[in-house]
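Input: a single structure, listed below in structure tokens.
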There are 2 protein chains.
Amino acid sequence: MKTSAAACSNTAFWQERTLPLRDAIELLSGKWKICIIQNLTIGALRFKDLHERVRGISPKVLSKELQDLEQNQLVTRTVNDTRPVTVSYALTEHADAIQPVLDALIEFGSKHRKMITGK
Amino acid sequence: MKTSAAACSNTAFWQERTLPLRDAIELLSGKWKICIIQNLTIGALRFKDLHERVRGISPKVLSKELQDLEQNQLVTRTVNDTRPVTVSYALTEHADAIQPVLDALIEFGSKHRKMITGK
DNA sequence: ACCATTGATTACCTTTAGGAAAGTGACTTT
DNA sequence: AAAGTCACTTTCCTAAAGGTAATCAATGGT
């Protein structure tokens, strides 16, 4: 029997979806990255403000996650010329492509929460 | 200075987005769950077929992830009345809400891949 | 000189994810 | 009786994620 599943299992189409999906998962999965990005969607934030908004994260982890996002060109780092030096983080244009992921996750999370906590 | 960020930091609105987002991340993050769900979007699959399609996963991990998805009512488990017993896994209606997440991730992953491998 | 602020970094530790390999049990085929 | 199939399960292990706490360097204020 040849199901539609079997029919597309060897196609380029499948790879064209699977590989990018794995890339995205590898880049975004973990406890913090998506939360950090969400907090930056409203505009640039300094390290300290981000640290306060992303509840529960430690400075060590925040620093590491930001470096990771910067390397992947999703976030820019700008040192400001202020009295105690401050550093601003902002999303790049490239990060706009994450907005739909965020929206979809929030939508799903809401539905899921309603379903689990008794419909 | 009161930025738009500061303006909404204490609102119910922010929580209404942050809590579901954290739920979704907790449920879906990890190396395999989203891949498994993607493979089930085309229809029910038996354990063995799923194991072959989700390249690289071990039976132990596949089994664990499926139990987890079942508990969260995203997947159903059906024992079939076949010669060697087979078990089919299928997405629930509730899992439809994940489709937009999948699409968004694939779209983002494609763009990201193009950008990283030299625009 | 001393303290405060900001943005980290370091050392240390615990927890969790996940991989490899083998085994189990129900059943069928040879 | 032996071997194979399917769906797991178990054991053992490593690597990565992530938490706590302390420290550092630059700067400015008192």
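First the proteins, then the strands, lettered A, B, ... as listed; each starts at 1.
For C/dA17, neither phosphate oxygen OP1 nor OP2 lies less than 4.0 angstrom from any side-chain nitrogen or oxygen of B/Lys60. The phosphate of C/dT6 (OP1 or OP2) has no side-chain N or O of A/Tyr89 nearer than 4.0 angstrom. Of the side-chain N and O atoms in A/Arg77, one or more sit less than 4.0 angstrom from OP1 or OP2 of C/dA8. Side-chain N/O atoms of A/Ser63 include none lying less than 4.0 angstrom from OP1 or OP2 on C/dG7. Distances shorter than 4.0 Å separate some side-chain N or O of A/Gln67 from OP1 or OP2 on C/dT9.
Comparing C/dG7, D/dA7, C/dT28 by their closest approach to the side chain of A/Phe47 singles out C/dG7. Across C/dG18, C/dA8, D/dG19, the shortest atom-to-atom separation from the side chain of A/Trp32 is found for D/dG19. Checking C/dG7, D/dC8, D/dT20 against the side-chain heavy atoms of A/Ser58 singles out D/dT20 as nearest. Considering only the side chain of A/Glu65, D/dG18 comes nearest among C/dT5, C/dG19, D/dG18.
Spacing between atom CG of B/Asp49 and atom C1' of D/dA7 amounts to 12 Å, rounded to whole angstrom units. One interatomic measurement links the two molecules: CD of B/Glu26 to P of D/dG18, which rounds to 12 Å at whole-angstrom precision. The CD1-P distance, from B/Ile57 to D/dT9, rounds to 14 Å in whole Å. With rounding to whole Å, A/Ile25 atom CD1 is found 15 Å from C/dG18 atom C1'. Atom-to-atom, CD of B/Glu52 to P of D/dC6 comes out at 9 Å; the value is rounded to the nearest Å. A straight line from CG of B/Leu45 to P of D/dA7 spans 11 Å, rounded to a whole angstrom. Atom CG of A/Leu62 is separated from atom P of C/dA8 by 8 Å (rounded to the nearest Å). Atoms CG (A/Asp81) and C1' (D/dT27) sit 11 Å apart, rounded to a whole Å.
The residue B/Lys48 sits close only to the backbone: its heavy atoms come under 4.0 Å of sugar-phosphate atoms, none of a base. Among the protein residues, B/Thr86 comes within range of the sugar-phosphate backbone only, with heavy atoms under 4.0 Å from sugar or phosphate atoms but none that close to a base.
Here the rule is side chain to side chain donor-acceptor pair (under 3.5 Å) with A/Asp49, and of A/Arg46, A/Arg53, A/His51 only A/Arg46 fits it. Looking at B/Ile34, B/Leu50, B/Leu91 one by one, the single match for side chain to side chain contact (heavy atoms under 4.5 Å, CB included) with B/Asn39 turns out to be B/Leu50.
Side-chain atoms of A/Lys64 stay outside donor-acceptor range of the base of D/dG18, with no qualifying N/O pair under 3.5 Å.
Heavy-atom minimum distance, A/His94 versus B/His112: NE2-ND1, 3.0 Å. Nearest heavy-atom pair, B/Leu105 versus A/Ala24, reported as atom, atom and distance to 0.1 Å: O-CB, 3.5 Å.
Under 4.0 Å is where a charged nitrogen must lie from a carboxylate oxygen, and between B/Glu26 and B/Arg22 no such pair does.
For the pair A/Tyr89 and A/Leu69, the minimum side-chain heavy-atom distance is 4.5 Å or more.
In this structure, A/Val61 and A/Pro84 both approach DNA chain C, and ranking their closest nucleotides by distance from the 5' end singles out A/Pro84.
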